[in-house]
Structures are given as C-alpha cells and as structure tokens.
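A short worksheet on the structure shown next.
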Amino acid sequence: MPDRYRWRTKLIREQIAVINGKKSPSIVLKNATYLNQALRKWIKANIWIHLDRIVYVGNDMPERLDGTEVVDCKNMHIVPGYIEPHVHPFQLYNPHSFAQYASQTGTTTLINDNLMFVLLLSNKKAFSLIDELNNLPSSMYWWCRYDPQTEIAGEGQIFCPDNIKDWLEHDLVVQGGELTSWPKALDGDDFLLHWMQETKRLRKPIEGHFPGASEKTLTKMLLMGVDSDHEAITGEDVYKRLVQGYTASLRHSSIRPDLPKLLDEMFELGIDHFDRLLFTTDGSPPAFYKDGVIDKLIKIALEKGVPEIDAYNMASYNVARHYNLDSLHGMIGPGRIAHLNILDDPRNPTPVSVIAKGKWIRRDGVPIVNVATFPWEQYDLKPQKIDWELTMDDLQFSMPFGMEMINSVIMKPYSINFDVSVDELPMDHDESFLMLVDKNGQWRINTIIKGFANKVCGFASSFSNTADFVLIGKSKKDMLTAFRRMKELGGGIVLVENGEVIHEIELKLSGVMSTKSLDELIHEETELFRLLQERGYKFIDPVYTLLFLSSTHLPYIRVTPQGIFDVMKKTVLFPSIMR
C-alpha cells in the first residue's frame with residue numbers, strides 16, 4: 001500500500017531540521033534566477049532541496065552543508081517542471097517510456113487517460129500499477145473515464161458504479177473525463193450526470209470534449225459541472241470558452257497542430273490574459289515528439305509573442321492551479337515537489353538540466369537514466385496469446401456500403417458499387433478490405449474502407465481503441481499473412497507485401513503498447529508512415545486512424561465490436577458476426 005500522506009511525519013521533521021541548521025539538505029542551487037509565480041517576476045535566490053522536496057527559497061545558505069551537492073546556477077534561469085494535462089499514454093509507447101522521454105525535455109508531471117487500464121485490467125491491478133508508476137522520477141496523475149468511447153459488450157460491467165467510484169476516489173485521480181459522451185448527458189442520461197456530480201462533490205474538475213460546440217451547448221455543459229475543454233480549433237472557440245469561464249487547453253498535436261493559428265487568432269480577438277489557458281499535445285504518436293513535448297509548445301508561444309512569464313505559467317502554474325495541485329506543483333517554493341528545469345536562456349524552454357523529485361535526470365545536456373525497465377508482467381500486461389486462427393472463410397465481404405475516410409479520423413458511409421467477393425482488389429482505386437476481429441476470436445465485422453490507400457496489400461494491427469484486431473488490405477492472402485505475423489509477435493502492427501513482411505512494430509504489452517524506448521518507436525513509426533505514404537496513404541496520422549476506427553465520439557460512421565455504427569443516429573447498422 002502507498003503512504004497515506006505525501007510526506008510522513010518523520011520526513012517533515014527532517015525538513016524542518018534542515019531549516020534549523022541541524023541537518024544538511026540534499027542539493028542547493030545557489031545564485032539561481034528563478035520564476036516566482038506569486039510576483040510574476042524573475043528573482044535571485046538560493047534553492048534548497050531535501051530529498052524530493054523544495055524546503056527553502058531565499059537569500060540564505062544552509063548552516064550545514066556536509067554531504068550537500070552545491071551547484072552554482074549563476075547565469076542560469078530556473079522554472080518549474082512542465083505539466084502535460086492531457087496524456088493518452090498508450091500511443092504505441094507506454095506510461096513509463098513516455099514519462100522517461102518527456103522528462104528529458106522538462107515535462108516532469110503527466111495527467112493521464114486511464115482508458116486502457118480500465119479496459120485491460122481489474123481495478124486492483126490497475127491501482128497497484130498506477131501507485132508503482134508514481135514512484136518514478138516523474139509525477140503521474142490520472143483521469144477517471146465514465147465510458148469507453150465506443151460500443152462494446154459488457155460496458156455496464158466495466159463502467160459500473162463500484163468501478164467508477166473507486167477510480168474517482170483514488171488519490172492519484174485528479175479529474176473526471178474526458179467527457180466524450182456528453183451528448184448522452186444532454187439527452188437525459190442521469191447515470192452519467194450522477195458521476196459528474198460525484199466528481200464535483202469530490203472537488204475534482206471535469207474535462208470536456210466539445211469540438212464545434214455552440215455557445216448554448218457550452219453553457220449547458222457548464223451547468224452540468226464541466227470545467228475545461230481542449231477541443232478549440234479556432235481563436236473564436238477559445239474566446240467562447242474563456243468568456244463563459246472555462247479553462248481552455250491550447251492543443252498542438254499530430255492531427256491538430258493548431259497552436260500557431262490559435263495564438264494568431266486569439267491576438268486578433270484581443271485576448272491578452274492567459275491565466276485560464278494551458279498547453280497540451282493531446283496524446284500524439286511517438287514521431288510527433290521528436291523535437292520535444294511541452295517545451296516545444298512554450299517555444300511556439302514565445303515566438304508568437306506570448307509574454308515570457310505567461311508562456312511558462314501555461315505549462316506549469318496554470319495547470320497545477322486548475323487541478324488543485326499548486327501546493328505540490330507549478331511553483332518554485334517551499335513545500336513543492338522538486339521538479340525544476342534549468343535553462344541557459346529563458347527564450348529557450350528546452351532545459352539543459354532537469355531535476356525530478358529531487359533527482360538529476362538530465363545534467364548539462366546529458367540524460368541520466370534512473371529507471372531503465374518496468375515490471376509490466378506483474379500487472380498482467382504481457383504479449384497477447386492468440387490461440388485461434390483466421391481463415392479465408394472469415395474474409396467474406398458482402399456489405400452494401402463501406403466507410404470513406406475524409407481525413408485521418410473522420411469516416412463517412414459510402415455505397416459499394418463493385419464486386420467485393422474476389423480475393424484481391426485492383427490497385428487502380430483506393431478501396432480496401434477492412435475487418436475488425438475480436439481479440440478472443442469470437443466475432444468479426446467485415447466491410448470496405450475507401451481512402452486508406454490504393455497499394456497496401458496486407459496490414460494487421462492489434463493497436464486499436466478496444467485492443468481488438470484491425471485488418472486492412474487489397475489481398476486477403478497478405479492480410480492473413482500479416483495477421484499470423486502479428487500473432488507470432490504477441491501483438492503489433494505488421495505490413496505485408498507479396499507474402500513478405502516489409503515492416504513491423506512489436507507491441508508486447510497487451511498488443512497496444514511497446515516496451516521499447518520513445519527513440520526507437522519514433523524511428524519505427526516514421527518508417528511505417530513512409531511506407532504507407534508510398535502505398536497511397538494520403539493523410540497525416542495512420543496511428544490515430546487505427547485508434548479511432550471504432551471511436552464513437554467522432555462522426556459519422558464507425559466499425560465497433562457491436563458492428564457498423566451510425567454515430568449521429570446512435571444505432572448499429574450491421575451487427576458483428578459470431579465466428
């Protein structure tokens with residue numbers, strides 16, 4: 001069991017002893033110029049750290065320095081560790097590998113989506129896992145989902161009152177949402193409204209998911225208790241949210257790289273107050289993070305003319321205050337967890353050195369690995385055991401209409417006007433076979449997808465919103481070859497051409513996440529994207545295409561475990577077939 005309190009009585013007494021000169025601190029950063037959020041100024045001071053906590057910030061030096069590491073920070077600037085408030089920590093990477101990578105560029109606190117853990121693990125296993133993850137140098141907090149954002153069997157058992165209650169009341173869970181099922185709440189779903197009210201009773205905020213929402217919709221959701229939203233896609237959207245009292249996250253992600261445009265339009269509208277604004281990268285795939293995480297967004301903001309202190313506050317203090325975490329995060333002051341970024345220039349937000357929970361994890365530009373591996377198998381996250389086979393008989397396609405890709409994630413229905421009973425489709429058009437198969441082999445749904453590519457022969461993925469299997473391709477034989485290789489890997493993404501595997505990404509953690517580092521995954525995802533583009537994929541994010549094929553919070557049509565689903569009418573058009 002984790003400690004009930006962040007610091008035990010004995011540790012607090014030790015910290016007081018440091019101030020009283022009876023004990024030495026662990027680290028002293030002397031001659032530091034640091035960002036003080038209370039005064040909104042850069043101030044010179046000496047910063048004392050004892051173990052994982054800042055215990056003093058001021059002009060004095062400790063009376064005792066035996067065993068203390070003293071670092072002269074003259075000519076350096078120090079800011080709080082950055083906070084990413086909207087992480088989907090399963091985009092091929094896993095929570096540990098993402099935290100380790102993000103911390104190297106100063107993002108030392110993550111607020112994470114719990115969806116995959118809810119779907120894959122019992123609450124007991126999941127809570128044990130998130131407690132263990134919080135022992136990493138990074139601080140790890142979580143959301144509480146109210147629904148699976150797709151149509152699955154057994155939803156009522158997974159998202160039952162006891163499970164939601166246990167998640168909401170967990171100390172590491174700091175918000176409800178994101179609320180992708182808000183139309184249900186508006187349509188009279190009192191079960192959902194109850195959990196929103198319970199979230200507010202626990203004094204935890206609720207995050208919305210309101211792309212294109214009108215003023216009246218935003219108003220209604222405020223009345224139901226929603227506090228923030230990350231779906232603004234124009235400056236006008238940001239303005240509407242701020243006027244009504246929302247906290248708005250400015251998103252810059254792989255499928256919505258909107259931050260420069262948002263800032264330009266916000267300035268045109270006269271928005272010059274930033275206290276209710278945050279940054280997020282919205283759980284982008286690995287390759288998007290090649291140049292950093294939240295530090296990259298701060299840099300964009302600075303280049304667009306956001307005042308220096310506001311830009312850093314949007315990445316730290318504003319987030320901590322929104323989540324009622326400012327007694328622990330977002331400020332450099334006594335009592336806060338020692339997450340500190342040391343900069344050589346305040347105009348360059350990528351730190352040269354990083355301290356996380358009082359430990360150096362980057363020093364003078366050199367990474368320091370504190371936790372190289374993580375015991376995933378203890379938490380039932382291991383390679384998938386697929387003890388069943390697909391055959392050509394499973395690949396029978398007789399659907400009267402299919403799904404047409406409008407962009408990376410939006411699908412519309414379209415009528416199929418050619419023969420799909422063949423074993424191979426010609427490559428002079430962009431229609432391909434599409435199949436969603438139960439990870440346990442119990443059901444399947446077969447249709448046609450238009451717009452994915454025109455020369456992908458066989459493609460199989462265990463990475464999806466539900467951890468079920470997606471097969472796409474022109475050749476049924478190559479689709480089966482890709483499936484069998486995915487099966488051998490214990491989960492992954494496999495691309496096959498003319499019977500040969502030409503690329504694969506191994507996903508050993510329940511077929512959704514990899515155990516590899518972000519650097520390795522960046523290379524593998526970049527190569528996958530290149531190969532798919534060469535074969536006709538014309539959009540910007542194939543990883544999100546796979547994830548959102550079954551996500552019913554997006555229009556217009558989805559392929560789900562229940563069957564082909566019309567999102568607008570909320571009906572199953574063609575049910576899945578039992579195998």
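Quick caveat: nothing in here was measured; it's all calculated off a predicted structure.
- Contacts classified as ring pair (Phe, Tyr, Trp, His ring centres under 6.0 Å) and involving residues 223-246 (residues at least two apart or in different chains) are given here: H86-H230, H209-H230.
- Listed for the Y101 side chain is no donor-acceptor partner under 3.5 Å among the backbone atoms of T105.
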* To do: Apply ring pair (Phe, Tyr, Trp, His ring centres under 6.0 Å) to the pair F548 and H553, showing each step before the final yes or no.
  => CA-CA 9 Å; F548 280 167; H553 67 292; 5.1 Å; yes
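- In this structure, D227 pairs ionically with K200, as a charged nitrogen and a carboxylate oxygen lie closer than 4.0 Å.
- Panel note: side chain S228, backbone A248; no donor-acceptor pair is recorded below 3.5 Å.
- Listed by first and then second residue, the ring pair (Phe, Tyr, Trp, His ring centres under 6.0 Å) pairs involving residues 333-357 are H329-H339 (not counting sequence neighbours).
- Defined by atom type and a distance below 3.5 Å, a donor-acceptor pair is present between the side-chain atoms of T350 and D295.
- Identified under the side chain to side chain donor-acceptor pair (under 3.5 Å) test for residues 114-125, with sequence neighbours left out: N123-N163, N123-W167.
- A donor atom on one side chain and an acceptor atom on the other are found under 3.5 Å apart for Q100 and H96.
- Ring geometry for W376 versus F374: interplanar angle of 30 to 60°, hence tilted.
- Between K296 and D291, no side-chain nitrogen of the basic residue sits less than 4.0 Å from a carboxylate oxygen of the acidic one, so the salt-bridge criterion is not met.
- Here the closest non-hydrogen pair linking W48 and M61 is CZ2-C, 3.3 Å.
- The ring of H252 has its center no closer than 6.0 angstrom to the ring center of F279.
- Between M221 and L186, the closest side-chain pair of non-hydrogen atoms falls below 4.5 Å.
- A donor-acceptor contact shorter than 3.5 Å is absent between the side chain of T217 and the backbone of A213.
- In this structure, the side chain of R241 engages the main chain of D237 through a donor-acceptor pair within 3.5 Å.
- The pair R256-E231 does not meet the salt-bridge criterion, since no charged nitrogen lies less than 4.0 angstrom from a carboxylate oxygen.
- Checked against P351 for a side chain to side chain contact (heavy atoms under 4.5 Å, CB included), the options L340, V79, N341 give a single hit: N341.
- Contact check on E14 versus K10 returns no salt bridge, with no Lys/Arg side-chain nitrogen under 4.0 Å from an Asp/Glu carboxylate oxygen.
- With values rounded to the nearest 0.5 angstrom, L29 atom CG is found 5.0 Å from I342 atom CD1.
- The side-chain heavy atoms of M196 and L179, taken from C-beta on, include a pair separated by under 4.5 Å.
- Inspection of the E69 and W360 side chains reveals an N or O donor paired with an N or O acceptor under 3.5 Å.
- Salt bridge R6/D52: present, at least one basic N to carboxylate O contact under 4.0 Å.
- Classified by interplanar angle (parallel below 30°, tilted 30° to 60°, perpendicular above 60°), the ring pair W143/H88 is perpendicular.
- In this structure, F90 has its ring center at least 6.0 angstrom away from the ring center of F98.
- No more than 12 heavy atoms of other residues, nucleotides or ligands shown are found within 6.0 angstrom of CZ on R13.
- With hydrogens and angles left out, the side-chain atoms of Q175 and Y141 include no donor and acceptor closer than 3.5 Å.
- No close placement of the W42 and Y34 rings is indicated, their centers lying 6.0 Å or farther apart.
- Residues S181 and D147 bring a donor and an acceptor atom of their side chains to less than 3.5 Å of each other.
- Within 6.0 Å of CD in E169 there are more than 12 heavy atoms belonging to other residues, nucleotides or ligands.
- Of the residues V226, V173, L168, I164, the one that meets the side chain to side chain contact (heavy atoms under 4.5 Å, CB included) test with T199 is L168.
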